[in-house]
Amino acid sequence: MNVLAAEGGVAFEATTNGIWFVEHAWIVVLLPLVSAALILFLGSRTPGKGAVYGIAAVGAAFVFSIGVLWHFVEGGGPFEGSIDWFTIGPLHLELGILVDGLTGVMLVVVTAVSLAVHVYSLGYMHGDERFTWFYVVLSLFTAAMLTVVVSNNLIQLLVGWEVMGICSYLLIGHWWEVKENSDAAIKAFITTRVGDVPFMFGIIALIAVTGFTTTNIGEVSHELGLGEVSPLFVSVAALLLFGGTVGKSAQFPLHVWLPDAMAGPTPVSALIHAATMVAAGVYLIGRLFEVFLLADEWVLTVVSIVAAITALGAALLAIVQDDIKRVLAYSTLSQLAYMVAGLSLGELGLTAGFFHLFTHAFFKALLFLCAGSVIHAVHSNNMSEMGGLRKYMPITFWTMLIGSLALAGIIPLAGFWSKDELLVVAHEEHATWLFVVFLVTAVITAFYTMRMVMLTFFGEYEGEAHPHESPRTMTGPLVALAAATIGVGLLGAPQLNAVFGKWVFFEEIHEAVFVPWIALLSTAGALLGLAAGYVLYRERKARDPLQAPIGPVWNLLQHRYYIDEFYMRAIVRPVRDTWSAGVNWFNQVVFDGIVDGAAVVTRWVAQLVAWFDRTVIDGAVNGAGEVAGRTGNALRYLQSGNVQWYAVGLFVGVIALAVVFIRVVV
Amino acid sequence: MIRLPLVLMFSALLFSAGVYGVLARRNAIMVLMAIELMLNAVNVNLVAFAALLQQMTGQVFALFVIAVAAAEVGIGLAIVILLFRTRESINVDEVNLLKW
Amino acid sequence: MSAQEYAFVVLAVVGSLSAIAVVTSTNVVHAALYLVVALLSVGGVYLLLGAEFVAWVQILIYVGAIVILFLFGLMLTKAPIGRDALDNQQRWLGAIIGVGVFAGLVFLIQDAFPMQDAQAFEPARGTTDVVGEAIFRSYVLPFEAVSFLLLAALIGAIVLARKDDST
Amino acid sequence: MTWENSAITIATLLPVVGAIVIALMPKSKERAIRGLGIVVSGAALAIAIAIAIGFDYGTDGLQFELDLDWIGAIGVRYHVGIDGISLPLYVLTFLLSFLCAVYTWRFVPDPGRTRGFLALMLLLETGMAGTFIAFDLILFFVFWELVLVPMYFLIAIWGSANREYASIKFFLYTLFGSIFMLLGFLAMYFQGPDPHTFDMVVLRDFGAGGGFGQTFQLIVFGAVALGFAVKVPMWPFHTWLPDAHTEAPTIGSVLLAGIMLKMGTYGFIRIAIPFLPYGAEKYAPWIGALAAIAIVYAALACLAQKDLKRLIAFSSVGHMGFVMLGIATLTEIGIQAAIFGMVAHGVITGMLFFCVGSIYDRYHTREIARIGGGMMQTMPKLGGVFAFVAIASLGLPGLAGFWGEIMALLSSFSPSEVFLADRVGLFRLYMVMGGIGTVLTAGYFLWMLQRVNMGTLPDHWREAGLRDVLAVEWVSWFPLLALILVLGLYPRLVFGVTDDAVGGLMRLLGS
Amino acid sequence: MDVDYHALLPEFILAGTVLLVLVVDVFLPERTKWFAMPLGLVGVVASLVAVATLIGAGTRVSFGGTYVVDEFALLFKGFFLVTAVVVLAVSLRYFREGGFYQGEYYFLLLTSFLGCVMMPSSRDLLLLFIALELVSAPGFLMAAFRKGDVKSNEAGVKFFIIGVLSTAVMLFGMSLIYGVTGGETQLAEIASALADVPGELQTLTYAAILFVVVGFAFKVSAFPFQFWAPDTYEGSPVPVAAFLAVASAVAGFAGLLQLMFVAFAEQHEFWVPIFAFLSVATMSVGNFVALRQTQMVRLLAYSGIAQSGYILMTFALVTDDAASNRTAFAAGVAYILIYGIMNLGAFAATVAVSRRHPALLIADFAGLRETAPVIAVGMAVFMISLAGVPPTGGFWGKLLIFQAAIERGGGLGPALAVVMLVNSVVSVFYYLLVPRQMFLREAADRSRLRVPALVTVVVGAATIALVGIFVLPNPVARLAEISSLVGLGP
């Protein structure tokens, strides 16, 4: 179908091997959509309950995405194509694709992670009552996310955006028999919708800029670029759009939903709440970067402040979690904030931020899937009921270790390169305070990552179940993602030409630079965190019956790092036990309190409204009836039954009429 | 050789007396009598105007009124007698089964 | 004031007083007799106004027929005697309205035909043949209609007043 | 009489003929009666679809027009026609009525009496369809009022416990409003061009050209708008609606929500605004304010509802608030959004009422707490359909409910530059309220789903023998479910029809 | 003597029938007394045929202009005769089974109708008076015709006293009119005489007009002359109530239309506000008091009062503008016709129910849809029509009045329209009470109600007529338009 190209599609580089894939990128979207429909209608009648459609479609989409990306690898330019959707008055809407390097990268990320999750779920969801339905929503979600990614206009983007939201809702509440799960699902949907409303208004404002003629992102940017729109207008629009990011990417102060969203099946957490959907908020800023750049400076400052708070706060929270998925969830918040903060640094930050998005997607998905594997084995989310699993599930252990190290930012794993680049950009843009935030967060990240690994895999198993290694369908994706985690970072390594920057950039390519001291610093921070974690939790695990009698002295000797101890007492413990608890308290009491309180108040107002409706408005209506009835009753007594009273009425009537009306005329 | 207003005043007095009688009497036959007074007032008017205007129409009209009045009295008395039969009383202020 | 007018005033006073007596008397038979007087006075007034035929009809029909009917009615219904038996509880209201009607009519008459400007007039004579001719020239239709009315009244009155076996 | 000038008349009057035939059939022929109901409404639908196919989508003029003398003495004509504004609502009327007839094949509410039920329903169908094609004010009013009586009986006879109160409230409320509307119509007749006429095309051209005086417009717009507002219903004239919906039988609720409410908004678009543009200009901010209040108010009210049907009834108030908000902007986009909103609401809320009807059929209660959740466990299909429609109703993009809302908000961002240039701030406030409304809407629908669909089935239903969706239900629901999706993905289905007509209307008003 | 015998033929036939009924009754044995009814029916139909022969025959003037047969008169004559057919039809069973004096009843009824038929042709005060009495006097008697029933006696007494009183007041007014116009009794002559009545007589003239109006206001039961109506209707035999509510009241309107549009047209500035008041007060009292009624006939009585208020409104719409007057007049006439149909239907249905439930409480209509479906459907249509809601003819009646009110404009018109509108809505409350009983309640005795065939026919015909008028209102709207009387209006 060459309609797209025919109707105004422009390819800048006519001859690359990937051009065909680029021009037909809509197929990537269509594949999972079709598979969703197929699974829905045929799934339960297909052997394997329909998962095969999803896997095949997403697999094809992945291959296709590679093809698209290949175009950019070969140095191809962006492509845009569209068909008419509908027209409403002056407003012309189109269905279109806008494929540039950013899109290509995102396509690969989404399809890759989605493929991994699709395969992984074969094992993880095996025997689930609603297995087929799960795959329907999974495929639908993938289609929605891809829609957002390839969309060339705001409304189409919004459609995909919200469909993702509903899929997220459906998947979080997948096990809706338990009330906590459905609560979490609702909380997720509503909280993100709070952000979506300003986002919608932002979109409307941007459409208004074009005089309500188009929703095309390119044309909106062009219109803004003319400079005829007041900066304040653009600033407000940008801030409104950022609302969408805050919601979807779970940034402060709307981050409360994401940890709860872990109630969903773990593959879902991996796909939606770690790798893709939550990253859409970041993608949004990148897609509409022009708006943010044209806005007043304070807008980006606001963005960076929000990101900084999220990054730090979330990381601290991760420390105190026992639920392994919650650790990862807070970690995700924190990492997303890294990306947002990176984007707030301007054009250089765009590349860096997206590079982090790219790498994070792989290693975080990996981490989640590993966690899932663990949970699958021990039937518990709590790390206090794990321990020592390294022995039972080596593949999971190793892959998770790789993921953890990547998260911690250990060279040469993916996380290292992207974090490093963010630090470099922060440095280059003289955003010292952000630099520090990045660094500190990195340390904490490494720390909790290590804590997680230690509590899960080291020590003795403390649970009730009989842990075992997961089936191939689960470990396969783990291995694949682990490989990716090792590899993808290199795409942005300055030593290797930093090809990523040639795909994803704003207006002009900036060469990534390697600043040795920053690299050293970040690595050191990461190691510091890891070490602290290792030390600490090794010690906690040691508090088993055998080691307890030796007491603190044994520990002290065993580790000999009194500095560590000092760190622990002076920094780690206050941070972990006091500060993070405080943040946790703040989170639960103040933010959840606000949400809950808002719910309570809303409920209360609703009661009031209902009462008002019943009493006052209905009362007025019924009252009118009552008044009419009473009037009738009063008038009724004129009809006394005594005919002489009737005669009195007759004569009084005549006299009165005569007196009144003759006077009127004469 | 009579001045018109004097006659009309007489008529007015008859009429008013009739009005009072209709309102104040409880005996149905007395009420009928009062009504006759009112109709007579009408006739006095008609005859007076006929005399003033030197033509017969008023007198003819009066004759018709007398005839109709006779018919009304007949009807009225029949109803009153019927009333007496069923109620043993012809007090109109006690006739109030139907009301509201 | 002419002699006719003097006569009229005398008749009017007698008629008015007896009319008032009709509606205030405490004795039903007295009331009926006062009614006779009042009707006779009115008949006299007709005569004075030159309406001879009407006057005779008045005396014949009213005094001769209607009052007799009333007396029959009074006998048949065993009318009691006395103020409370004859008047209802709202007679004060009736008095107010009666006086009001009278005042209103007097005002209207005075407004239209002021006493001070009033001219005495010579009435036309309404003898039997004149009136009869008028009736049968222009008023055949009402005459016929009235005959139906009287017929209906007669038949209806008989039906109603007659004592049924069933009741 | 050719196809061109008689098609819409035939389609509109066919149900009445069917109603008479059904009323005369012997009571014992139960199945034949139900079958005839389906056949008649199906035939009407087929004609309506043929009209839609034969419709020329490239023009804003009247089509299938027929203009006959009706009551010459008072200048009333039988003038019917159809244009892009009418067509979607017209077809929707027949579709929903047909589906209701199909649904009745299996579900006749207590106390039975199928004959009367179907006859009244078909009569109702004619009234509703006629309203959308009438181009004479009195004819319009006649059709408008024609729906009152059958709906009254549908509620009063086949309703639930409190049906008498609800039915009379419905009747009086709407009658009260519509009589004021009639006065307005008469006033326009006498103030209109010479020779006086009720013809809506003539009056529209006259009024849009500023033919009516300003004070006149203010008064008459108020009168006419009152009639429409009660029907919509706009806050604070809405209180008849929850009662009527709650008590009405399923079919009644479906048609009430699906079509009848649209008659009010249609009236605004077809009559109030083009005839009385100055009045519209002055009233629009107030209408917008009421619409915005309605959105938030209804959502809050929904949160407090314990009765499932009442909840959905209240949600109608909110959705119609979006429709009115779109209309109040007096923009081309806003009005098209309103029409889309009407169609979408008709399909979605109609479907929701079907669901509630079936839920009631299974549980014999509509109390959310009594249902107690877990419907997905025993009746996954019914629960799934219910969830799908509820999600469509909360305005999920990609489903029908979205376009009306987003476009209404979009248009209220910058209301008509011709009429409301100095009210931009106000309308943006309305937009924000609308946005808050969407969040709350999502809240109550999801909460509702949680309480009805999710969780585990309470013990007292275990032995109740709850049956999942029946074949007849699938048949009567499938078109609506498909439409919800199709309209969401391909909104051109409506926008493509309305675009020219609304464009023409706006040109007429000089914007 | 200018007598157009053809023009008087309907009256002659009817008068002959009256006498024939009277005579034949004497010879009929008790068991076949009911035979008077078909006899009367034949006469009425013959008279109707005679009316039909006069259609399109132009204006016929007899008796020196005091008796005019024009389109207006024919329209009303036709209406009265059709009403007579209906009342006769619903009377048969009622009187036959009730043990009443049947022959005399039919005689009185037809006499009354004779008065009705004379009314619209009478263009003379004396004739109007006689016609009015001819309508009323048999009415007094018929109201009391259920001799053994105290309520019926009471109905007669009240009707009689108020009727005679208002006649007295009216006659007093007529005598004054006679005086101030210099001896005129013909309506047209009165109009020209009043046109240049001397200034000092003006007040008296107004008072006289008011007094004359009272007599007719009593007939149409306008407030404050309406008190007799509910009591009398309730106490009377139901067919008599139907006669009073339709024929008698419409006769009052026929007289009133002639008086106001012919004789007193010039003085409309005086009487328009009076009618405005009467109309508003009458419809309001009727509607509001009707809200609390529990007896069917009484409900219909109050409903009739309210409907009179609507019709009276058309009088209040008269101005100097002939075109607008014509609209008002046409609206009034059309409403009267439609009112007649729906009210007759309602009374016929009531007659049907009275056989099982003589007390005729509204609650007695419970479950009628089951016990008498045709009657129930008909009654529902009548009630909806009385409320003025489509799909019934009553809708057009109200619409026409609304239209006239708006056309009149000038503040008063729209104001009256709004009052009428509020009243209409209020009225729905009580009109719906009846369908509610019939369709939503179950009867205690669920066996089939035996309805006389004639009553069923009447109900069915009225139902079809009302729905037919709704679909094709043109004839009714046109019928009113052709009324020639309005041409004489101001």
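Every value quoted in this text rests on a predicted model; they were computed, and no experiment measured them. Each chain gets a letter, A, B and so on, in the order the sequences are listed, and its residues count up from 1.
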Do B/Met9 and C/Gln110 have side-chain heavy atoms sitting under 4.5 Å apart?
-> yes
Okay, B/Leu8 and chain C: the region with an atom under 4.5 Å from a heavy atom over there is both
Per side-chain contact (heavy atoms from CB on, under 4.5 Å), B/Val19 is matched among C/Val23, C/Ile97, C/Val99, C/Leu105 by C/Ile97
Pick out which of B/Ile75, B/Val80, B/Ile79 makes a side-chain contact (heavy atoms from CB on, under 4.5 Å) with C/Leu160.
-> B/Ile79
Checking side-chain contact (heavy atoms from CB on, under 4.5 Å) for the pair B/Asn43/C/Tyr46: CA distance, chi angles, key distance, verdict?
-> CA-CA 9 Å; B/Asn43 282 350; C/Tyr46 292 162; 2.8 Å; yes
Heavy-atom distances under 4.5 Å only: say whether B/Leu32 touches chain C with side chain, backbone, both or neither.
-> both
Chain C heavy atoms under 4.5 Å from B/Val7: which part of the residue, side chain, backbone, both or neither?
-> both
Bottom line for B/Ala67: the part with an atom under 4.5 Å from chain C's heavy atoms is both
Report yes if some heavy atom in the side chain of B/Asn40 is under 4.5 Å from a heavy atom in the side chain of C/Gln58; otherwise report no.
-> yes
If one checks every heavy atom of C/Ile109 against chain B at 4.5 Å, the contacting part turns out to be side chain
Whether B/Phe49 and C/Phe113 hold their rings parallel, tilted or perpendicular, with breakpoints at 30° and 60° | tilted
Partner residues of C/Leu69 under the side chain to side chain contact (heavy atoms under 4.5 Å, CB included) criterion, sequence neighbours left out = B/Val73, B/Leu77
Sequence neighbours excluded, the answer for side chain to side chain contact (heavy atoms under 4.5 Å, CB included) partners of C/Ile96 is C/Trp92
